[in-house]
Amino acid sequence: MLARSLAFALCVLSGAAVAGPALAQSDVRIAVGTVTSTQTCQYFREYEGSSASVFASEYRRYWGYAARNRESATVSSWRSWVWRDCQTNFENLRHSLSAALASTGRLAVGGGGYRLDVTISNVSETPPEQSRPVRGDTAYHTSWGTASVNLSYTVHDRTGTAVDGGNIRKQIEMGRTLNTENIRLRTMEPGEAVYDLLQQEAADSVARAVVFDIDPITVTAVDGPRIEVNYGGPLLSLGDILLVEKSEGIGAIRYRVTSAGANRSVAEVDGDNDIYAINPGNLASFVEADSDASNGRRYERVRLP
């Protein structure tokens, strides 16, 4: 729907992409609207009070009388309350999203066009990695801890109508252990670094989803097992996986990016697949590194007679 509503802008963008790095950014504008996030809260119980004692002997001595007894009075006052300490998750995501969208070079970030709204939920982590004893020359044990976040985004046009959207789940590794009979290896990222990295990964994923919906990844040239596509860094980088649709038949061919320039990237077919149906103009989809599709089958299954 979004691609159809931007038909004119796509033509301008495609023409600019072929002509060179100078793109007509002003033709498509998008602003980061509301960013709704969850809160992580901790609860503490606080106490406050005082206690005072007065002895009769001290009172009389003060007024010049001799104390004959030691009567006393004690007064105390105590109270308690529950205090909640909350932190808004990814409160800087708006700035990260604006920077990620602007870095694509395919659209302008600002008012007067489309609006991007994002909702963040379910920020969670798995238990930390555990080091366990290993016995035997060929035995080993590995474990890892991850942090993940779910995001949903919606793109609205000038009238407020939702024209595009989707759900994204990002997951990154916080630490890992590898134990063998002779080696003990453990790597960890500090909590602040994990938090910042997860936020940046989430912003980049949303930016890719929005931009690729507006102006899809397209094959611009074919040279044997290699293809050239109309995107480069920072949206595409070395090692990224693309699924290129066939011109004939059913299915898509996996390609892996081998070099990424400013506005062009070169990818090579992943495996020994038949690429006769891959031609300039074919569309491609991006596979996130933490997606199950990144570990999918490289070859089509061939049934034996």
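In this text the structure is predicted, and so the values were computed from the model without any measurement.
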| Minimum side-chain heavy-atom gap Leu101-Leu107 below 4.5 Å | yes
| field | Partners meeting side-chain contact (heavy atoms from CB on, under 4.5 Å) with Asp157 (sequence neighbours left out) | value | Tyr114, Thr159, Thr161, Val163
| query | Is Tyr231 close to Thr218 at the side-chain level, that is, under 4.5 Å between some pair of heavy atoms? | reply | no
| Minimum heavy-atom distance between Leu198 and Ala147, given as atom pair plus value | CD1-O, 4.0 Å
| request: Report yes if some heavy atom in the side chain of Ile214 is under 4.5 Å from a heavy atom in the side chain of Val155; otherwise report no. | output: no
| With sequence neighbours excluded, what pairs up with Arg94 under the salt bridge (Lys or Arg N to Asp or Glu O under 4.0 Å) test? | none
| query | Hey, any chance Val266 and Ile217 share a hydrophobic cluster, counting ILVMFWY side chains that come within less than 4.5 Å of each other, even indirectly? | reply | no
| Under 4.5 Å between side-chain heavy atoms, hopping through other hydrophobics if needed: is there a path connecting Leu178 to Met174? | no
| task | Identify the heavy atoms of Thr154 and Ala162 that sit nearest to each other, and give their distance. | result | CG2-CB, 3.6 Å
| message | Could you work out, with ring pair (Phe, Tyr, Trp, His ring centres under 6.0 Å) as the rule, every residue matching Tyr153, not counting sequence neighbours? | response | none
| task | Begin with the C-alpha distance, continue with both residues' side-chain angles, and end with the deciding distance and a verdict on side-chain contact (heavy atoms from CB on, under 4.5 Å) for His156 and Asp117. | result | CA-CA 8 Å; His156 301 268; Asp117 295 334; 3.3 Å; yes
| query | Would you say Arg106 and Asn230 make side-chain contact, with heavy atoms under 4.5 Å? | reply | yes
| note | On a heavy-atom basis, the closest approach of Ser148 and Arg169 is OG-NH2, 3.2 Å
| said: A side-chain contact here means heavy atoms from C-beta on lying under 4.5 Å apart; do Asp164 and Val210 qualify? | reply: no
| In terms of hydrophobic clusters joined by side-chain contacts under 4.5 Å, are Ile275 and Val229 together? | yes
| Linked, directly or transitively: Trp144 and Ile172 (ILVMFWY side chains, under 4.5 Å) | no
| request: Determine, stepwise, if the pair Thr36 / Val118 fulfils side-chain contact (heavy atoms from CB on, under 4.5 Å). | output: CA-CA 6 Å; Thr36 306; Val118 179; over 6 Å; no
| note | Residue set satisfying side-chain hydrogen bond (donor to acceptor under 3.5 Å, both in side chains) with Thr146, at least two apart, ordered chain then number -> Thr126
| Gly233 to Ala260 - nearest heavy-atom pair and separation | N-CB, 4.2 Å
| query | Considering the options Ile253, Val222, Asn279, which one meets the side-chain contact (heavy atoms from CB on, under 4.5 Å) requirement together with Ile227? | reply | Val222
| message | Can you confirm whether the side chains of Asp196 and Gln200 place a donor and an acceptor under 3.5 Å from each other? | response | no
| Residues in side-chain hydrogen bond (donor to acceptor under 3.5 Å, both in side chains) with Ser143, at least two apart? | Thr177
| task | Report the distance from atom CG of Leu242 to atom CG of Leu236, rounding to the nearest 0.5 Å. | result | 6.0 Å
| query | Between the main-chain N or O of His95 and the side-chain N or O of Ser98, is there a donor-acceptor pair closer than 3.5 Å? | reply | no
| remark: Taken to the nearest 0.5 Å, the spacing of Arg115 CZ from Arg29 CZ works out to 15.5 Å
| With sequence neighbours left out, what residues match Arg226 under salt bridge (Lys or Arg N to Asp or Glu O under 4.0 Å)? | Asp223
| query | Nearest heavy-atom pair of Ala277 and Asn282: which atoms, and what distance? | reply | O-ND2, 3.1 Å
| request: Determine the minimum heavy-atom distance between Pro280 and Ala221, stating which atoms define it. | output: CG-CA, 4.3 Å
| What residues, two or more places apart in sequence or in another chain, satisfy side-chain hydrogen bond (donor to acceptor under 3.5 Å, both in side chains) together with Arg158? | none
| Distance from Asn179 atom CG to Arg184 atom CZ, nearest 0.5 Å? | 5.0 Å
| Are Leu283 and Phe212 co-members of a hydrophobic cluster defined by side-chain heavy atoms under 4.5 Å apart? | no
| Straight-line distance of Ile278 CD1 to Ser247 OG, nearest 0.5 Å | 6.5 Å
| field | Side chain proximity check, Thr119 to Leu151, heavy atoms < 4.5 angstrom | value | no
| note | side-chain hydrogen bond (donor to acceptor under 3.5 Å, both in side chains) filter on Arg176, not counting sequence neighbours, yields Thr142, Glu173
| Got Glu228 and Val219 here, is their nearest side-chain heavy-atom distance under 4.5 Å? | no
| request: Scan for ring-ring contact (aromatic ring centres under 6.0 Å, His included) pairs involving residues 234-285, sequence neighbours excluded, and state none if there are none. | output: none
| Who else is in Val287's hydrophobic cluster (ILVMFWY, side-chain heavy atoms under 4.5 Å, direct or via others)? | Ile241, Leu243
| query | Do any pairs count as a salt bridge (charged side-chain N to carboxylate O under 4.0 Å, His left out) and have a residue in residues 274-289, sequence neighbours left out, and if so which ones? | reply | Lys170-Glu288, Arg208-Glu288
| Approximate separation, where rounding is to 0.5 Å, of Ser96 OG and Glu201 CD | 11.5 Å
| said: For a quick check under 3.5 Å, do Thr220 and Arg264 share a side-chain donor-acceptor pair by atom type? | reply: no
| task | For the residue pair Ile168 and Asn150, establish whether any side-chain heavy-atom pair is separated by less than 4.5 Å. | result | no
| said: Apply the hydrophobic cluster definition, ILVMFWY joined by side-chain contacts under 4.5 Å directly or through others, and give me every member besides Val134. | reply: none
| query | Atom CG of Leu116 and atom CG of Leu97: how far apart are they, to the nearest 0.5 Å? | reply | 6.0 Å
